[in-house]
Amino acid sequence: MRKSSLDSILLASTNPERLHAWYVAALEPEEDVMVDSYRVLKFGQFHVLIDSRTDVADRNLEPGRMILNFDVADARAIATRLDDMSVAWSAELEDREGSLFATALDPDGNYVQIIQLSKEHRAAMEKVSDDGGIMFTNTRAFGGFSVNDLQQARRFYGDTLGLKTSDVKMPEGYSLLTLHIAGGSDVLVYPKPDHTPATFTILNFPVSDIDKAVDALAERGVRFERYDSFDHDSKGIHRGGGPLIAWFKDPAGNVLSVIEED
């Protein structure tokens, strides 16, 4: 049976023409075509679809829930181009152990991160995995976040959440942690001495039964968050409309969730 693969994302907008023009000018897609009512932009093996919708706000009210990561060859040049376009920055260009990261906001307020990996980091991420496959092959997008203690993160994500993880030793003497998510997605976790916890949800874990998932996590010591703007039951599950969801934090303070899928 053919495995599922993630190859595109749909950006809904009340002003798709403006959004389309921004991505074309900012990131220069390899292809730009119209398919039915969609604008389809190709970046490497990944596609960004832009569509007109009337059931969304003019601006993303929670941009941290989803971040588009673009692997670029010259982050400084693109940052300069975005400055010329007068973009707003959530995080300006930063050198992290030789790799460059910056996060801009597109016209709808979505977070767009540009990433230029150093040769060492890229080589480490393309290291052959235990089964002989390549973790990242011909991909232009991946997820990542920082923690203040990689050992704590390894125990939490590997033991508490039960994810498959692997370590990559960097030439500088430190390690990177990779989370292998079901469905073929990998997430990079890196140490950052001045780490600031993400206040938005960095990872959502779909489950078929949220009550069982919450109970199991609670037995492993996970505490669930409660927010004033949401109604939570005694377990910490939000049942006030929309999908059932419960938020919790990793040891570094980053926000995660379990969410019940239909």
Side-chain angles (χ1 to χ4, degrees), residues 6 62 64-67 69 91 94 96-97 99 101 103 111 113 115 117 121 124-125 127 129-131 135-136 141-170 172-227 230 232-238 243-261:
L6 180 67
E62 293 184 307
R65 283 187 175 272
M66 179 189 68
I67 301 176
N69 292 321
E94 176 185 13
R96 301 177 186 171
E97 303 292 342
S99 293
F101 294 79
T103 306
Y111 281 167
Q113 186 169 223
I115 304 171
L117 292 177
H121 289 176
M125 292 178 65
K127 182 180 178 181
S129 59
D130 293 340
D131 62 1
M135 289 192 293
F136 292 89
F142 61 90
F145 58 88
S146 69
V147 296
N148 55 356
D149 189 319
L150 205 63
Q151 291 186 357
Q152 282 188 340
R154 184 182 299 108
R155 289 193 295 268
F156 178 79
Y157 286 97
D159 299 337
T160 303
L161 299 189
L163 296 177
K164 182 180 178 181
T165 66
S166 62
D167 291 321
V168 177
K169 297 293 183 181
M170 303 303 297
E172 295 87 348
Y174 65 91
S175 297
L176 300 175
L177 176 68
T178 299
L179 309 180
H180 303 283
I181 310 297
S185 299
D186 289 336
V187 178
L188 177 69
V189 182
Y190 53 91
K192 195 168 185 285
D194 58 347
H195 162 77
T196 299
T199 57
F200 50 84
T201 307
I202 61 171
L203 288 175
N204 296 289
F205 295 96
V207 295
S208 58
D209 189 324
I210 195 169
D211 287 277
K212 288 183 179 179
V214 166
D215 289 344
L217 289 171
E219 290 178 0
R220 299 184 182 189
V222 173
R223 297 179 59 185
F224 289 88
E225 302 295 312
R226 287 171 169 78
Y227 301 104
F230 293 93
H232 303 273
D233 66 10
S234 59
K235 294 182 179 181
I237 301 173
H238 169 59
L244 304 183
I245 185 170
W247 290 276
F248 58 102
K249 294 181 178 179
D250 71 5
N254 298 311
V255 180
L256 315 169
S257 85
V258 285
I259 183 168
E260 186 169 289
E261 58 183 359

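Please read all numbers here as calculations on a predicted model, not as lab measurements.
- In this structure, CZ on Phe101 lies 10.5 Å from NZ on Lys192, to the nearest 0.5 angstrom.
- Looking at Leu217 and Leu161, their side chains come closer than 4.5 Å, going by heavy atoms from C-beta outward.
- For Ala198, the side chain to side chain contact (heavy atoms under 4.5 Å, CB included) partners are Phe200, Ile202, Asn254, not counting sequence neighbours.
- Between atom CG of residue Leu256 and atom CG of residue Asn204 there is a gap of 8.5 Å, rounded to the nearest 0.5 Å.
- In the displayed structure, Glu94 atom CD is contacted under 6.0 Å by more than 12 heavy atoms of other residues, nucleotides or ligands.
- Here the side chain of His180 pairs no donor or acceptor atom with the backbone of Leu163 at under 3.5 angstrom.
- Among residue pairs with one or both ends in residues 212-223, those qualifying as side-chain hydrogen bond (donor to acceptor under 3.5 Å, both in side chains) are Asp215-Lys235; sequence neighbours excluded.
- Here the straight-line distance linking atom CG of Asp250 with atom OG1 of Thr160 works out to 10.5 Å at 0.5 Å rounding.
- The two residues Ile259 and Ile210 come nearest to each other via the heavy atoms CA-CD1, 4.4 Å.
- Residues passing the side chain to side chain donor-acceptor pair (under 3.5 Å) test with Thr165, sequence neighbours excluded: none.
- No side-chain heavy atom of Ile67 sits under 4.5 Å from any side-chain heavy atom of Phe145.
- The side chain to side chain contact (heavy atoms under 4.5 Å, CB included) test applied to Pro251 returns Gln152, Phe156, not counting sequence neighbours.
- Residues forming a ring-ring contact (aromatic ring centres under 6.0 Å, His included) with Phe230 (at least two apart in sequence, or on another chain): His238, Trp247.
- Here the closest non-hydrogen pair linking Ser146 and His195 is OG-ND1, 2.7 Å.
- Considering only heavy atoms from C-beta on, Leu176 comes within 4.5 Å of Leu188 through its side chain.
- The two residues Ala252 and Pro197 have their closest heavy-atom pair at O-CG, 3.2 Å.
- The backbone N or O of Val207 lies less than 3.5 Å from no partner atom in the side chain of Glu261, so there is not a single donor-acceptor pair.
- The list of salt bridge (charged side-chain N to carboxylate O under 4.0 Å, His left out) pairs with a residue in residues 143-159, not counting sequence neighbours, reads Arg154-Asp167.
- Under a 3.5 Å cut-off, the side chain of His232 and the backbone N or O of Arg226 do not form any donor-acceptor pair.
- Here the CD atom belonging to Glu225 is positioned 12.0 Å from the OG atom belonging to Ser257, to the nearest 0.5 angstrom.
- The shortest side-chain heavy-atom distance between Leu203 and Val187 falls under the 4.5 Å cut-off.
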Any chance you could lay out the side-chain contact (heavy atoms from CB on, under 4.5 Å) test for Val258 and Val214, step after step, and finish with the verdict? CA-CA 8 Å; Val258 285; Val214 166; 4.0 Å; yes
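- Partners of Phe224 under the ring-ring contact (aromatic ring centres under 6.0 Å, His included) rule, at least two apart in sequence or in another chain, are Phe248.
- Atoms OG and NZ, on Ser166 and Lys164 in that order, are 7.5 Å from each other to the nearest 0.5 Å.
- For the side chain to side chain contact (heavy atoms under 4.5 Å, CB included) test, residues two or more places apart in sequence or in another chain that qualify with Thr103 are Ser90, Ala91, Tyr111, Gln113.
- If you take OH on Tyr157 and CG on Leu150, they are separated by 11.0 Å, rounding to the nearest 0.5 Å.
- With sequence neighbours excluded, the residues forming a side chain to side chain donor-acceptor pair (under 3.5 Å) with Arg65 are Glu62, listed by chain and number.
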